[in-house]
Amino acid sequence: MLESMQNGTYNGTQHAMHTDTERCVRAVQSKDARFDGWFYTAVRTTRIYCRPSCPVVPPKPENMTFYPSAAACQQAGYRACKRCRPDTSPGSPEWNQRADLVARTMRLIGDGVVDREGVPGLATRLGYSTRQIERQLLAELGAGPLALARAQRAQTARLLIETTPVPMADIAFAAGFSSIRTFNDTVREVFALSPSELRTRAPKKGANSPCTPGVLTLRLPFRAPLNPDNLFGHLVATAVPGVEEWRDGAYRRTLRLPYGHGVVALTPRSDHIACRLSLSDLRDLTVAISRCRRMLDLDADPVAVDDQLRTDPLLAPLVDKAPGRRVPRTVDEAEFAIRAVLGQQVSTAAARTHAARLVTAHGEAVDDPEGGLTHLFPSAEALAALDPASLAMPATRRTTFTTLVRQLVEGSLHLGVESDWVETRARLLELPGFGPWTVDVIAMRALGDPDAFLPTDLGVRYAARELGLPSTPAALTARAAAWRPWRAYAVQYLWATGDHPINFLPV
């Protein structure tokens with residue numbers, strides 16, 4: 001029953017799942033962690049809200065009310081459960097698999113735009129009125145942008161309170177609160193504990209646990225299964241020296257953030273991703289976590305994806321062999337587009353060399369006492385100032401590179417979490433040197449389109465031929481219609497049939 005429920009959530013009614021009381025009750029009674037983040041259970045008798053997998057004895061069905069977001073629960077006067085900590089659930093898969101206004105808005109809220117620019121800034125980025133945005137969010141999530149941003153601030157505050165010795169006043173402003181009083185009131189209201197009580201109750205680190213000043217250690221949850229091989233393998237095999245590295249079992253990279261910069265180390269574990277984060281400004285914490293989760297595709301629903309791909313008898317053995325593949329994405333959409341151009345018609349090693357030269361010449365230097373990272377990837381503004389003749393590439397690709405950079409700087413092309421996938425694809429195709437492969441790989445790995453497909457990719461075509469799938473682009477595209485809306489994940493399974501380093505967890 002739960003399997004069919006899981007699959008049924010993707011038939012166009014997924015955003016209204018909290019309205020199907022019978023399905024939600026079954027998920028709560030079975031404590032199914034796959035539904036954490038899809039909806040929240042509010043208990044009328046205790047005035048507490050929980051994730052579906054809460055370990056306590058499930059309440060009576062007549063005492064349950066279901067909400068689509070933690071913010072909606074908080075607005076209705078419920079506080080977070082102290083056992084299951086619903087604010088630490090994986091995010092809803094919805095926001096990274098859809099391209100409509102609500103999904104794009106949620107991605108921007110996750111990126112901290114409301115805290116930095118307010119609701120008017122959010123509306124400007126999306127090209128809609130604040131009233132339209134408010135109305136659509138209330139209809140689908142039961143809360144407006146301010147309430148959703150407030151819930152996120154509370155979660156960030158809790159993380160800082162429990163995992164760092166940072167003074168409460170600093171935490172209040174780092175989490176985005178306008179005053180210490182608002183910070184105190186919100187924490188008490190959401191968690192039914194004062195900030196100091198939250199810190200006292202937090203698990204204490206062992207005496208032998210290393211604690212580096214300024215470094216945050218946290219766990220990034222995900223829905224199981226997660227296969228780390230191609231995810232980390234791809235990021236490391238294409239890593240730009242100075243910006244990215246694999247060290248001591250962790251993928252490490254520098255981050256360009258709104259208020260400063262950071263260095264993150266991400267280590268795959270059986271039930272979470274271990275994250276060590278060093279930030280020059282703590283106000284960037286929410287954004288850094290959001291971008292790392294997005295890069296690792298941690299909010300995906302692998303059961304739904306894999307079940308759909310298994311309907312093809314030629315893909316099913318690949319899925320059964322190593323389920324839970326994610327799409328390796330990026331922390332910076334513009335950076336990825338620039339690197340995609342550098343990688344056109346050259347080997348992975350050559351692309352890394354081209355990028356490393358740009359980093360050394362135009363990137364901003366950073367200090368990394370824990371490893372070998374040296375720079376932030378150059379901004380589009382820095383690259384716009386370079387002499388095109390200094391680029392060791394054919395003249396046509398120089399034109400592609402300089403046109404892309406110029407449009408990014410001018411703002412005539414914007415690549416971000418809020419990008420409309422269809423419109424951005426069309427804009428990219430208008431640029432010189434941008435063919436379907438480049439546009440689709442940007443759509444897949446930068447824009448996050450889960451249905452982006454690469455029928456002309458040599459690795460995909462080779463795998464298709466070996467598996468007995470059609471190998472011509474037109475015939476393969478026709479066959480792949482049955483894999484929708486998860487063709488980007490099908491590409492990961494097809495690539496995994498090869499012996500390229502992108503398919504293997506580094507050692």
Side-chain angles (χ1 to χ4, degrees), residues 230-257 260-266 278 280 291-292 295-296 328-406 408-409 415 433-434 437-438 441-442 445-446 459 500-507:
N230 72 300
L231 182 58
F232 286 88
H234 207 127
L235 293 171
V236 175
T238 59
V240 176
V243 175
E244 303 164 283
E245 69 174 0
W246 179 260
R247 181 182 292 267
D248 299 329
Y251 166 75
R252 304 178 76 248
R253 73 154 290 155
T254 58
L255 304 170
R256 181 185 301 279
L257 298 163
H261 66 269
V263 173
V264 67
L266 299 160
S278 174
S280 63
R291 293 183 183 179
C292 289
M295 176 176 65
L296 299 182
R329 292 188 172 138
T330 182
V331 293
D332 188 315
E333 295 80 7
E335 173 193 313
F336 185 86
I338 291 166
R339 289 171 60 172
V341 170
L342 295 177
Q344 286 179 333
Q345 299 177 342
V346 299
S347 67
T348 300
R352 294 178 70 205
T353 299
H354 284 317
R357 288 175 184 154
L358 288 182
V359 165
T360 302
H362 305 284
E364 298 170 41
V366 298
D367 185 36
D368 176 26
E370 296 187 353
L373 304 180
T374 59
H375 291 81
L376 299 176
F377 192 85
S379 66
E381 288 75 13
L383 294 176
L386 62 73
D387 178 5
S390 67
L391 297 171
M393 59 180 68
T396 53
R397 198 165 314 130
R398 271 187 220 156
T399 301
T400 301
F401 179 91
T402 54
T403 303
L404 170 65
V405 168
R406 184 177 66 252
L408 288 170
V409 172
L415 300 175
F434 274 77
W437 184 91
T438 303
V441 81
I442 291 172
R445 297 195 54 206
H500 194 282
I502 64 170
N503 295 318
F504 303 101
L505 191 68
V507 294

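Only heavy atoms go into these numbers, but all of them, side chains included; no hydrogens, no water, no symmetry mates. Everything numeric here is computed off the predicted structure, so don't read it as measured data.
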For residues 374-394, dump all side-chain donor-acceptor pairs below 3.5 Å to protein atoms at least two apart in sequence or in another chain.
from	atom 1	to	atom 2	distance (Å)
Ser379	OG	Ala382	N	3.1
Asp387	OD1	Ala389	N	3.1
Ser390	OG	Asp387	O	2.6

**Report entry** Nearest-0.5 Å distance, CH2 of residue Trp437 to CD of residue Gln345
**Finding:** 10.0 Å

Query - Straight-line distance of Leu257 CG to Arg291 CZ, nearest 0.5 Å - result: 6.0 Å

Requested in this report: Have a look at Arg256 and tell me which of Glu335, Glu364, Glu333 forms a salt bridge (charged side-chain N to carboxylate O under 4.0 Å, His left out) with it.
Outcome: Glu364

Requested in this report: Tell me, with the steps shown, if Thr403 and Phe434 meet side chain to side chain contact (heavy atoms under 4.5 Å, CB included).
Outcome: CA-CA 11 Å; Thr403 303; Phe434 274 77; over 6 Å; no

Requested in this report: Could you tell me the separation between the CZ atom of Arg352 and the CZ atom of Arg357, rounded to the nearest 0.5 Å?
Outcome: 13.5 Å

Query - Minimum heavy-atom distance Gly433-Thr400, with the two atoms named - result: CA-OG1, 3.3 Å

Query raised in the report: Taking Thr238 for the side chain and His234 for the main chain, is one N or O donor matched with an acceptor at less than 3.5 Å?
Result: yes

Query raised in the report: Are the side chain of Thr330 and the backbone of Ala446 linked by a donor-acceptor contact shorter than 3.5 Å?
Result: no

Requested in this report: Calculate, to the nearest 0.5 Å, the distance between atoms CG and OG1 belonging to Leu404 and Thr438 respectively.
Outcome: 10.5 Å

Query - Residue pair Leu342 / Val346: nearest heavy atoms and the distance that separates them - result: O-CG2, 3.5 Å

Query raised in the report: Atom OG1 in Thr353, atom CG in Leu358: separation rounded to 0.5 Å?
Result: 11.0 Å

**Report entry** For Arg397, salt bridge (charged side-chain N to carboxylate O under 4.0 Å, His left out) partners two or more places apart
**Finding:** none

Report summary line: Of all heavy-atom pairs linking Leu231 and Pro328, the shortest is CD1-CA, 3.7 Å

Can you give each donor-acceptor pair under 3.5 Å made by side-chain atoms of residues 241-250, sequence neighbours left out, with the distance rounded to 0.1 Å?
from	atom 1	to	atom 2	distance (Å)
Glu244	OE1	Val240	N	2.8
Glu244	OE1	Arg339	NH1	3.1
Glu244	OE1	Arg339	NH2	3.0
Glu244	OE2	Tyr251	OH	2.5
Glu245	OE1	Arg247	NH2	3.3
Glu245	OE1	Gly372	N	3.4
Glu245	OE2	Arg247	NE	2.9
Glu245	OE2	Arg252	NH1	2.6
Glu245	OE2	Gly372	N	3.1

Query raised in the report: Can you check whether Ser278's main-chain N or O pairs, donor with acceptor, with Glu370's side chain at less than 3.5 Å?
Result: no

**Report entry** Short side-chain to backbone donor-acceptor contact, Arg253 and Val264, under 3.5 Å
**Finding:** no

**Report entry** Flag side-chain contact, heavy atom, 4.5 Å: Phe336 against Val331
**Finding:** no

Report summary line: d(Leu415 CG, Ile338 CD1) to nearest 0.5 Å is 9.0 Å

